[in-house]
Asks: 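Let me give you the structure first, and then I'll get to my questions.
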Amino acid sequence: MSQELAPRLDPRAIEPPRYRAWQEGGYFHVSADAVLEEGREPYVIVIPPPNVTAVLHMGHGLNNTVQDVLIRWRRMQGRAAVWVPGTDHAGIATQNVVERQLAAEGKHRDDLGREKFVERVWDFVNETGPVILDQLKAIGASCDWGRTRFTLDPELSRAVREVFVHLYEKGLIYRGEYIINWCPRCLTALSNEEAEGEETAGSLWHFRYPLAEEAYGAAETAYEAALALRAEQADGDEAEAEEPEAEEPETPAPIGIGRFDDGRWYVTVSTTRPETMLGDTGVAVHPDDERYQALVGADIELPLTGRRIPIVADDYVDPTFGSGMVKVTPAHDVNDFEIAGRTGLDVLDVMNPDATLNDAVPAPFRGVDRFEARKAVLSALEKEGLVGGREDHAHSVPHCYRCGTVVEPRLSDQWFVKMKPLAEPALEAARDGSITFTPPHWKRVYEHWMENIRDWCISRQLWWGHRIPVWYCACGETIVAREDPDACPKCGGTELEQDPDVLDTWFSSQLWPFSVFGWPEQTDDLKAFYPGHAMVTAPEILFFWVARMVMMGYEFHGEAPFSQIYLHGTVRDAQGRKMSKSLGNGIDPLEVVERFGADAMRYTIVSQCAVGTDISLDHEDVEAAFANGRNFANKIWNAGRFALLSLGEAPVRPLSEVEGDLELEDRWILTRTTEAGRAATSALERFRLHDAAEGLYHFFWGDICDWYLELVKGRLGPESDPASREAARTTLVTVLDRAFRLLHPVVPFVTAELWSRLPWPAGESRPEDLIVAAWPDGADGFADAEAGRGMAEVQSLVGEVRRLRKEYGIAEGERITVHVTGAGAALMDALAAQAIALERMARVGRVESSAGTGVGAHAVLESGAELFVPLEGVIDIEREAGRLRDEIDRVEGQLEGTRGRLANEKFTQNAPADVVQKERDKATQLEEQGGKLREKLASLEGG
RNA sequence: GGGCGCGUAGCUCAGUUGGUUAGAGCGCUACGUUGACAUCGUAGAGGUCAGAGGUUCGAGUCCUCUCGCGCCCACCA
């Protein structure tokens with residue numbers, strides 16, 4: 001080749017131009033015609049759209065590398081492979097970012113007003129939105145960029161409207177007052193999924209609520225009942241205690257009724273949120289609880305409020321927890337709200353949207369922050385002697401998934417999606433295998449969620465997002481419409497007010513697999529590319545996104561939006577912590593690309609990407625973390641460079657013309673190439689990217705570089721036999737062509753660069769670019785099992801000679817003579833043909849086919865061939881004898897195990913025939929090997 | 001409280017339906033620069049597969065328990 005290739009791969013020199021060439025060549029784009037007109041089979045992946053505000057991190061690096069490997073592989077298979085890119089408007093996250101910007105300017109969104117604020121967000125998004133997609137280009141992502149979508153694009157917004165109205169008309173979207181998760185910082189409702197429980201060490205306080213005076217009689221009755229129950233239980237416990245294995249008696253059921261020193265009666269209730277007592281409208285007991293039946297219907301004088309609240313009976317109450325009496329705060333607890341619904345208790349909202357207490361509470365607590373109120377209520381109750389105790393209590397406290405603030409359950413008027421009917425087909429899809437999960441255990445997680453699905457609160461009190469398509473007329477009419485209405489259909493009034501809320505961000509992203517193709521229009525793209533195939537994402541958004549996409553797929557298309565769900569792991573640091581901005585333990589993929597190249601990053605990631613496991617990368621030593629990938633890319637580069645230089649400019653002949661001249665190593669490496677193609681294909685089909693990458697790594701480095709290139713070096717020069725030379729050149733070109741194709745999905749740049757310079761067999765058509773070269777799946781490749789056995793002999797001989805050389809410290813430069821006997825003719829021929837290679841690889845100067853005499857090192861190969869290396873004066877006979885004895889011990893140890901198995905009838909009868917046969921062959925081989933070793937030892941000791 | 005997963009070499013992890021002598025990368029040791037590559041080559045050290053019991057002719061692999069770690073779900077106040 002006339003063009004100089006640097007001895008080191010410089011990714012910065014080859015990657016950007018290569019990527020540009022692909023883009024300009026239009027290789028990432030596939031039109032609907034390819035499917036609809038040309039009949040090509042589609043393969044579709046839609047990207048999990050990153051937030052517009054996001055900056056590329058290693059998680060994106062992993063996610064998108066995986067998708068790109070799959071897309072490139074399928075593209076090479078000839079599929080109409082489309083990877084649709086885009087971004088998500090990310091309602092809360094984006095609004096928060098812009099609000100922070102405003103705050104830095106000393107402003108609040110109210111200062112701007114809705115319209116101006118949204119404009120401002122658009123400005124921000126237009127500026128930063130494309131950044132992350134551009135960053136994806138640096139890692140080699142072969143997205144169909146012309147199809148880039150944003151969840152707030154007009155077309156996608158139309159899809160949102162269509163879905164909302166459809167579901168509303170079907171009765172699956174409704175509005176109502178329910179307890180929702182309220183974030184007092186973001187000032188919006190959240191879905192259940194957006195409120196993340198966090199285990200917290202809190203307190204459980206016990207309060208004494210005074211009973212109303214007219215209930216004292218009932219209290220006495222109840223108290224007696226409770227005492228009687230306790231006595232009964234004590235008897236029971238004693239009876240049990242007589243049994244030898246009886247465990248410690250349980251603590252007796254507590255009595256939640258008591259008297260103050262002044263004789264007034266009270267009941268005990270417990271809470272982790274004392275401030276909510278101001279909103280209590282009742283106390284509940286279990287209807288079958290013998291202790292408290294007499295009290296049902298009695299009144300309590302709720303402290304601090306002057307209100308009287310009743311004691312009610314409800315099944316929800318667990319009699320074994322605490323006192324068995326529960327304070328009921330219907331406006332601030334889901335369960336309490338339900339109790340109120342069943343028992344008719346009042347619902348008293350005591351908290352404002354910003355989580356300060358409102359006018360419904362007594363003066364001293366009004367307008368107070370909820371956590372301040374907690375302290376105030378506690379101290380007030382303590383002052384009145386109403387706090388019966390406190391204990392440590394670990395429990396899960398929900399936090400806002402965007403800002404981390406403790407979420408407040410609060411009664412609120414919101415829009416919901418009724419999920420049960422939507423979940424049914426999506427659940428069935430997992431059960432009947434219409435959708436598959438990799439790794440498979442996620443199927444159960446998905447099913448569990450679907451089986452226990454709850455309605456989805458979709459309205460958000462934000463300004464950034466899809467406005468809810470609902471209008472209210474002064475006449476009381478509610479209009480839900482696909483198009484903005486001009487007038488009220490009922491009264492004709494034009495004073496319509498649109499619902500101020502926007503939709504949960506996930507409401508639009510759940511439509512992504514079809515909204516990106518223009519739905520609800522019946523576009524050609526939709527016909528060609530929907531449904532898609534693989535969904536590649538992280539398990540964190542299985543419920544947020546994946547599950548909902550499946551539901552929408554069934555609701556609007558009657559089938560799943562993709563058939564395979566591949567959930568990859570999380571990127572972690574060396575300590576196993578998830579990489580995150582706040583921990584500062586992240587690695588910037590762009591820095592990795594800049595320093596080591598996209599290929600290095602991709603290989604490092606993919607080779608670690610075993611199914612079901614996380615990926616760990618040391619952020620404190622980025623160089624070490626990516627060394628493997630960098631070294632491999634460089635190895636490919638240098639092997640290619642050497643081959644190109646050795647091949648020269650002369651035309652290469654097609655394989656069919658040189659087949660008769662192929663040598664052992666040619667036939668072997670061609671066979672290995674076929675096998676490598678098969679293995680890689682099988683691995684990729686099962687999402688075993690790690691297996692594919694590692695298999696190809698060892699094929700390229702181990703087989704091609706360490707063996708084939710070394711063996712073939714001597715044949716490529718001008719002084720070698722022309723027929724052998726041409727066979728070698730053709731083989732080398734063929735093998736590298738296939739190897740570059742196989743490696744291309746994982747390391748696209750270095751392979752494409754080298755491939756483009758590869759000479760091509762005369763008369764054979766050449767694909768225009770590696771990116772669209774046919775995938776060599778190995779189905780019809782070269783196969784010669786005999787060559788494999790022959791090469792194994794050569795390799796074991798070289799290995800043995802190398803070991804002996806090291807063992808006896810023979811200088812690197814010193815050539816030795818090797819005597820080989822008892823080997824097959826094929827090996828001897830190969831050895832004769834490989835004199836130059838043997839010289840280079842093991843410093844073998846000469847191979848003699850005689851036993852050899854005198855002092856030297858002895859060895860027996862697995863194949864039974866005997867090796868003798870004359871080393872007069874170099875080796876110590878005692879030491880050599882010791883080495884042989886060790887060797888004999890090793891062989892006999894193995895032989896013993898093998899014989900033991902063969903002597904066992906149960907083994908020979910039960911084990912598969914091939915396993916038994918292998919064992920027999922092994923025994924024969926070991927016996928032969930051992931015999932020869934003993935002979936050698938005897939002759940050594942005798943001589 | 002329920003469910004799931006993990007524990008294999010100094011480190012990070014592979015190990016498909018149980019079947020010869022358990023692998024890789026990085027790290028480590030020794031030697032090696034006559035032209036593909038020192039981001040390299042050759043050789044080597046290093047593992048009672050967390051522990052105990054069980055099933056089996058045979059267990060890293062299947063079952064039970066224990067210990068240690070992690071994740072998800074959940075309305076015990």
Side-chain angles (χ1 to χ4, degrees), chain A residues 5 7-9 179 197 204 269-273 276 284 316-318 320-323 325-329 333-338 393 395-396 409 439 441-442 444-445 448-449 452 539-540 542-543 570 572 574 576 596 600 604 607-608 610 612-618 621 623-625 627-646 682-683 686 688 690-691 694 697-698 705-706 709-710 713 799 802-803 805-807 809 811-813 841-842 890 893-894 897-898 900-901 904-912 914-916 918-919 921-923 926:
Chain A
L5 294 176
R8 271 189 201 180
L9 170 63
I179 303 290
L204 183 66
V269 295
S270 305
T271 184
T272 55
R273 295 185 292 153
T276 61
Y316 165 76
V317 181
D318 174 2
T320 66
F321 184 87
S323 66
M325 301 183 113
V326 189
K327 62 189 271 306
V328 184
T329 321
D333 185 283
V334 188
N335 302 304
D336 292 4
F337 182 75
E338 284 170 7
H393 186 73
H395 61 140
S396 175
H441 77 263
W442 288 109
R444 294 184 58 183
V445 178
H448 182 259
W449 186 79
N452 298 286
E540 290 102 85
L542 182 60
F543 307 141
T570 305
R572 299 179 180 282
F596 314 117
T604 300
S607 69
Q608 283 197 55
T613 62
D614 291 340
I615 283 178
S616 55
L617 297 166
D618 188 350
D621 192 349
E623 180 157 358
N628 188 215
R630 182 197 56 177
N631 295 353
F632 185 42
N634 190 60
K635 186 71 178 181
I636 295 170
W637 175 255
N638 265 294
R641 171 169 167 262
F642 167 71
L644 292 174
L645 291 168
S646 306
S682 156
R686 291 170 295 142
R688 301 182 72 91
H690 150 89
D691 284 348
E694 274 203 349
Y697 176 98
H698 288 111
C705 295
D706 291 347
L709 287 181
E710 293 301 327
K713 271 175 181 170
R802 282 171 173 169
R803 263 190 296 280
R805 294 190 65 112
K806 293 280 179 185
E807 177 95 26
E812 289 281 329
M841 297 176 80
R890 190 182 62 84
Q894 283 178 41
T898 303
R901 273 187 286 280
N904 187 330
E905 276 182 26
K906 288 184 177 167
F907 170 70
T908 50
Q909 283 165 13
N910 297 339
D914 60 320
V915 172
V916 175
K918 261 189 187 172
E919 203 68 31
D921 295 347
K922 181 72 185 173
L926 286 169

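The sequence lines fix the lettering, A, B, ..., with proteins before strands; numbering per chain opens at 1. Predicted, not measured: the structure shown is a model, and the values here were computed from it.
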Asks: Does atom CZ (Arg444(A)) have a neighbourhood of more than 12 heavy atoms from anything else shown, all under 6.0 Å?
Replies: no

Asks: When you measure from the side chain of Phe543(A), which nucleotide among C57(B), C72(B), A77(B) comes out closest?
Replies: C72(B)

Asks: Once you round to the nearest 0.5 Å, how far does OG1 of Thr570(A) lie from CG of Asp614(A)?
Replies: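 So the OG1 of Thr570(A) and the CG of Asp614(A) are separated by 4.5 Å.
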
Asks: Counting Watson-Crick and G-U wobble pairs only, both distances under 3.5 Å, name the nucleotide matched with G58(B), or none.
Replies: none

Asks: Considering just the side-chain nitrogens and oxygens of Arg572(A), establish if one lies under 4.0 Å of OP1 or OP2 belonging to C13(B).
Replies: no

Asks: Applying the Watson-Crick and G-U wobble criteria at under 3.5 Å, what pairs with C40(B)? Answer none if nothing qualifies.
Replies: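 Pairing partner: G32(B).
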
Asks: Under 3.5 Å, is there an N or O donor on one side and an acceptor on the other linking the side chain of Arg802(A) and the base of U42(B)?
Replies: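 Under the 3.5 Å cut-off, the side chain and the base do not form any donor-acceptor pair.
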
Asks: Is it true that, when you exclude Gln909(A) itself, more than 12 heavy atoms of the residues, nucleotides or ligands shown sit nearer than 6.0 Å to its CD?
Replies: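 Yes, CD of Gln909(A) has more than 12 neighbouring heavy atoms, counting only those of other groups under 6.0 Å.
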
Asks: Side-chain N or O of His393(A) less than 4.0 angstrom from OP1 or OP2 on C76(B)?
Replies: no

Asks: Among U21(B), U12(B), A36(B), which nucleotide sits nearest the side chain of Arg890(A)?
Replies: U21(B)

Asks: Can you figure out which of C31(B), A77(B), U39(B) approaches the side chain of Asn631(A) most closely?
Replies: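 Looking only at heavy atoms from C-beta outward on Asn631(A), the closest nucleotide is U39(B).
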
Asks: Answer yes or no: does a side-chain N or O of Arg444(A) lie under 4.0 Å from OP1 or OP2 of C4(B)?
Replies: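 Yes, because at least one side-chain N or O of Arg444(A) sits under 4.0 Å from OP1 or OP2 of C4(B).
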
Asks: Mind checking who G10(B) pairs with, Watson-Crick or G-U wobble, both distances under 3.5 Å?
Replies: C26(B)

Asks: With a 6.0 Å cut-off (strictly less than), is the heavy-atom count around NZ of Lys713(A), excluding the residue itself, greater than 12?
Replies: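 Correct, the count exceeds 12.
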
Asks: Within the modelled atom types, does a donor on one side and an acceptor on the other bring the side chain of Glu812(A) and the base of A43(B) under 3.5 Å apart?
Replies: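 When only heavy-atom distances are counted, Glu812(A) does not reach the base of A43(B) through any donor-acceptor pair under 3.5 Å.
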
Asks: Look at all strands and tell whether Ser616(A) reaches a base, only sugar-phosphate, or nothing, counting heavy atoms closer than 4.0 Å.
Replies: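 If one applies the 4.0 Å heavy-atom cut-off, Ser616(A) turns out to touch the sugar-phosphate alone, with no base involved.
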
Asks: Could you check whether Arg273(A) gets within reach of a base, just the sugar-phosphate, or nothing at all, counting any heavy atom under 4.0 Å?
Replies: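 Nothing: the residue Arg273(A), judged by heavy atoms under 4.0 Å, touches no strand.
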
Asks: Between A77(B), C37(B), U16(B), which nucleotide gets closest to the side-chain atoms of Glu710(A)?
Replies: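 Nearest to the side-chain atoms of Glu710(A), counting from C-beta on, is C37(B).
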
Asks: Under 4.0 Å, heavy atoms only, any strand: does Ala624(A) hit a base, just the sugar-phosphate, or nothing?
Replies: nothing

Asks: Is Lys922(A) close enough to G19(B) that one of its side-chain N or O atoms is under 4.0 Å from OP1 or OP2 there?
Replies: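 So the side chain of Lys922(A) is outside the cut-off, no N or O lying under 4.0 Å from OP1 or OP2 of G19(B).
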
Asks: Which nucleotide, if any, forms a Watson-Crick or G-U wobble pair with U21(B), using both distances under 3.5 Å?
Replies: none

